[in-house]
Number of protein chains: 2
Amino acid sequence: MSSSALPYRPHNHQACVAQALADARTICQQHNARLTPTRERVLELIWQSHKPLGAYDVLAVLAEDGHNAAPPTVYRALDFLQQQGLVHRIASLNAFIGCTHAGERHNGMFLICRSCGNVLELTAPGVSSAVTRAAAEESFQPDNVTIEVAGYCPRCASEPAHDG
Amino acid sequence: MSSSALPYRPHNHQACVAQALADARTICQQHNARLTPTRERVLELIWQSHKPLGAYDVLAVLAEDGHNAAPPTVYRALDFLQQQGLVHRIASLNAFIGCTHAGERHNGMFLICRSCGNVLELTAPGVSSAVTRAAAEESFQPDNVTIEVAGYCPRCASEPAHDG
DNA sequence: GCGGAATTTGCAACATTATAACATTAGCAA
DNA sequence: TTGCTAATGTTATAATGTTGCAAATTCCGC
Ligand SMILES: [Zn+2]
Ligand SMILES: [Zn+2]
Ligand SMILES: [Zn+2]
Ligand SMILES: [Zn+2]
């Protein structure tokens with residue numbers, strides 16, 4: 001790959017956010033689901049960067065907004081966004097990140113940089129099929145696959161601690 | 001695969017435990033690491049079944065033992081056991097399970113049954129290499145790979161809710 | 001065995017993440 | 001309007017994990 005993926009280089013991140021929100025509106029409309037102001041705001045916050053955000057981080061920003069929110073507000077919004085396929089939960093971090101393949105059927109694989117904290121979501125058909133095959137050998141019926149790879153992104157592998 | 005893996009059928013589980021403890025003793029000796037009574041007891045508890053056990057579950061049993069333990073006791077023992085490669089943490093469940101490949105260099109892949117809760121650890125070279133390849137395409141240097149597959153085990157796929 | 005260093009454990013407090021239960025409000029349609 | 005459903009507010013609590021320091025144990029050279 002000659003040009004590195006978005007999280008690994010400077011880019012117009014406002015465009016990422018705008019695109020994500022636009023996609024979300026479309027998708028929710030298609031699903032007859034209501035993208036309420038709280039839900040939309042939470043999605044926007046999750047998209048603040050390519051680093052996953054904890055539920056309580058979201059909560060803190062909502063508080064700054066003047067929104068008098070409690071944990072259930074955030075968790076409910078996040079549950080909704082997950083159901084709509086708009087965000088993913090990163091189990092190894094207890095944190096959430098915007099889905100970069102919203103609307104597409106995909107199995108996310110996440111590359112998590114230990115140094116800068118950025119996360120890249122990949123669609124990896126080769127991995128998915130290998131997992132499916134391995135499960136099938138045990139007669140196991142996969143339902144949901146979690147693949148999270150911790151390591152070092154190209155930027156940090158050469159020189160540590162960027163903000164991306 | 002004609003005969004199903006251990007967690008999916010009745011077996012002499014005491015033999016699993018005994019083997020795991022024997023392996024642990026050998027491995028710790030090789031590493032010059034001290035398998036103290038607390039650590040050994042925690043390992044034994046983790047091996048009580050092929051279902052992952054939460055740290056506080058372990059704590060509760062220690063309390064029944066009469067061992068006046070606090071959370072750090074358990075977490076320290078678990079950290080130690082993880083470092084020795086004797087247990088794995090299942091991120092999607094916040095729980096721990098005995099490693100069935102202790103001593104071997106391996107990348108665990110976990111098949112987690114949503115119905116009976118049993119977990120099968122596989123070594124899946126095809127999956128590992130596919131993950132490595134996908135990461136390499138993004139110039140990402142993997143360090144630690146988490147692969148957890150939730151779904152239904154062969155027993156539960158046919159008829160639900162065994163105890164295994 | 002003895003004494004000092006290093007490892008391990010005990011213990012108390014605390015931090016973080018997530019959920020339960022129930023009241024209230026907003027959206028929508030008959 | 002009225003009545004239903006989905007969404008949110010509110011309070012409390014559960015579940016999971018960590019920090020910091022003191023005491024005890026173990027190891028190792030003497
Ligand atoms: Zn995605
Ligand atoms: Zn990085
Ligand atoms: Zn293992
Ligand atoms: Zn099962």
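A note on names: the letters A, B, ... follow the listed sequences, proteins ahead of strands, and every chain is numbered from 1. A quick note: this is a predicted structure, and the numbers were derived from the prediction, not measured.
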Quick one: does B:Tyr152's side chain get under 4.5 Å of B:Arg155's, heavy atoms only?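 Heavy-atom side-chain distance check fails, nothing below 4.5 Å.
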Do any side-chain nitrogens or oxygens of [X] fall under 4.0 Å of OP1 or OP2 in [N]?
{"X": "A:Asn94", "N": "D:dT16", "value": "no"}
{"X": "B:Asn68", "N": "C:dC11", "value": "yes"}
{"X": "A:Thr36", "N": "C:dA26", "value": "no"}
{"X": "B:His67", "N": "C:dT9", "value": "no"}
{"X": "A:Thr73", "N": "D:dG9", "value": "yes"}

Taking atom CZ of B:Phe96 and atom CG of B:Leu81, what is their separation to the nearest 0.5 Å?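 Going from CZ on B:Phe96 over to CG on B:Leu81, the span is 10.0 Å.
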Could you tell me how far apart [X] ([atom1]) and [N] ([atom2]) are, to the nearest whole angstrom?
{"X": "B:Gln29", "N": "D:dC27", "atom1": "CD", "atom2": "P", "answer": "12 Å"}
{"X": "B:Asp65", "N": "C:dG10", "atom1": "CG", "atom2": "P", "answer": "12 Å"}
{"X": "A:Leu35", "N": "D:dA7", "atom1": "CG", "atom2": "P", "answer": "11 Å"}
{"X": "B:Phe80", "N": "C:dT9", "atom1": "CZ", "atom2": "P", "answer": "9 Å"}
{"X": "A:Gln84", "N": "D:dA6", "atom1": "CD", "atom2": "P", "answer": "14 Å"}
{"X": "A:Leu78", "N": "C:dT16", "atom1": "CG", "atom2": "P", "answer": "18 Å"}
{"X": "A:Glu40", "N": "D:dA7", "atom1": "CD", "atom2": "P", "answer": "15 Å"}
{"X": "A:Leu53", "N": "C:dT17", "atom1": "CG", "atom2": "C1'", "answer": "14 Å"}

Among C:dA12, D:dG17, D:dA7, the nucleotide that comes nearest once only the side chain of B:Pro72 is considered: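 So the nucleotide nearest the side chain must be C:dA12.
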Has A:Tyr56 got its ring stacked on the base of C:dT17, with centres under 5.5 Å and planes less than 30° apart?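 Yes, aromatic ring over the base.
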At what angle, to 10 degrees, do the two end axes of the helix from C:dG1-D:dC30 to C:dA30-D:dT1 meet, given five pairs define each axis?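 The angle, to the nearest 10 degrees, is 30°.
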Pairwise 5' ranking along DNA chain D for B:Arg76 and B:Arg34, keeping only the more 5' one: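 The residue mapped nearer the 5' terminus is B:Arg76.
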Do you see a donor-acceptor pair shorter than 3.5 Å between the side chains of A:Glu121 and A:His106?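 Yes.
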Taking atom types as modelled, is there a side-chain donor on A:Asp79 or A:Gln83 under 3.5 Å from an acceptor on the other?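 The criterion, which ignores hydrogens and geometry beyond distance, is not satisfied for A:Gln83 and A:Asp79.
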Is a side-chain donor or acceptor of A:Glu148 paired with a backbone partner of A:Ala91 at a separation under 3.5 angstrom?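 Yes, A:Glu148 side chain to A:Ala91 backbone: donor-acceptor pair under 3.5 Å.
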If only atom types and distance count, is the side chain of A:His67 paired as donor or acceptor with the main-chain N or O of A:Leu62 below 3.5 Å?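 Flag not set: sc A:His67 to bb A:Leu62 has no pair under 3.5 Å.
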Parallel, tilted or perpendicular: which describes the rings of B:His50 and B:His11, with under 30° parallel and over 60° perpendicular?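 Judged by the thresholds at 30° and 60°, the geometry between B:His50 and B:His11 is tilted.
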